[in-house]
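Atoms within each ligand, like the ligands themselves, are counted from 1 in listed order. All heavy atoms count here, side chains included; hydrogens, waters and symmetry mates do not. This chain uses plain numbering: 1 for the first residue, then up along the sequence.
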Amino acid sequence: MFPLNHTHDPKTRSWLDSANGHPDFPLQNLPLAVCRRSGSHEVFRGSVAIGDHVLDLAALARQGLLHGAVQQACEAAAQSSLNDFMAQGRATWQALRHGLFDLLQAPSSAVAQEAVRACLISRNQVEYTLPARVGDYTDFYTSIHHARSVGRIARPNDPLTANFQWLPIAYHGRASSLVVSGTAFHRPMGQALPAGVNTPVQGASARLDYELELGAFIGPGNGHGTSIPLDQAEEHLFGLCLLNDWSARDIQFWEMTPLGPFLGKNFCTSISPWIVSMEALAPFRLPFERPAHEPQPLPYLAGAINRAQGALDIQLEVHLETAQQRAQGQIGARLSHTSFRHQYWTFAQMVTQHTMGGCNLQSGDLLGSGTISGPAPEEAGAIIELTQGGRQPLSLPNGEQRTFLQDGDVVSLRGWCDKPGAARIGFGECTGQVLPARTAL
Ligand code: MN
């Protein structure tokens, strides 16, 4: 785990006014994305969010302001994907964070400020691409509250499968259909077995859902045939983003026995552009606790560090904006709010489980946390839970109702960390719009 240091001090201010008190991107955050000026043909390059701006690391690397390890880290992070920077590990990540913190904190020389200002672009004037080439994407299933309420729909008498409390369950997802926030996608086609009939039908999904998740990018990988022990797992975590695992429930539930999700999940997964580093998240660590009456993790999934500070208190929200709301100039509605602190397994445990059999993780690989649902019904991270499998429609403030998503709907995930004695930091947004299905096959 990263220890707290001067880069977490909430009293430190930046000479860039918009950073001070910024709800997402103050000096204490410094998340990374890959972007360029909107509508341009510029090369995408690594950038850091600061206040209302992005700091173009490619431009900064040419300014001659940085030296030694910080300059090298800046050059690695300035590339058009962050894979090389991710692979370099903690010393490099920390060199960049601490170097940029020094550069952006007040006071600093007028000459240095001028040179840094020349590398700033207004954040509403950039467009993003995926921050890394994701070789493999694995989606876990680690909220016991989500597992129970979705399990109840499929197996009323036995909602939680026997393995859930013993290992972080996952399936291997599809990296090719990962998209960055703001990308629209078409309602998927597939095969489903509607209730009350014996023959499946082919067509557009009628039960399209979102899943509120966090994504973890892998830093240094592990060799094929090796594994990552739990007490080293955090060193392989580069940072976290918001992730929406769009899910076609009708397709998914018909196809997923016995091998798991396929077309119900593989049409689109959205991530936020900004990756918040594990070091920035250090103030928001909490003990990882298991109720005494529940099975304790087997020894390979247990450890003193994970117990003391394995959990993360990340506040998360889901918002929905319908086409009607947009047409009438209304704002969307918040559907739910929860915290990642309730998750049953930590990302470190997911890394250890993933590699225990010798599977090699590679830099830029992405792990999804699984749907994040808290203990209360209104903390559910998917609409299938909020509507009890589509039986209880949600009423929106403008009178519209939803059981599942409709064409034109925009779903936005938001995330942030906030507590007394620390600077609030945020993830920004992960949005995506549902377009009508393409013409049937
Ligand atoms: Mn999922």
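Taking the Mn ion (ligand 1) as reference, Glu213 places its N/O/S atom OE2 nearest. Within Asp245, the N, O or S atom lying nearest to the Mn ion (ligand 1) carries the name OD2.
Of the angles at the Mn ion (ligand 1), the one spanning OE1 of Glu211 and OD2 of Asp139 is 160° when given to 10°.
Ring centers of Tyr141 and His146: under 6.0 Å apart, within the cut-off.
Side chains of Glu279 and Asn5: a donor-acceptor N/O pair is present below 3.5 angstrom, by distance only.
In Arg326, the CZ atom is crowded: over 12 heavy atoms of neighbouring residues, nucleotides or ligands sit closer than 6.0 Å.
Checked options Glu294, His145, Gln349; the residue passing with Tyr344 is Glu294 (criterion: side chain to side chain donor-acceptor pair (under 3.5 Å)).
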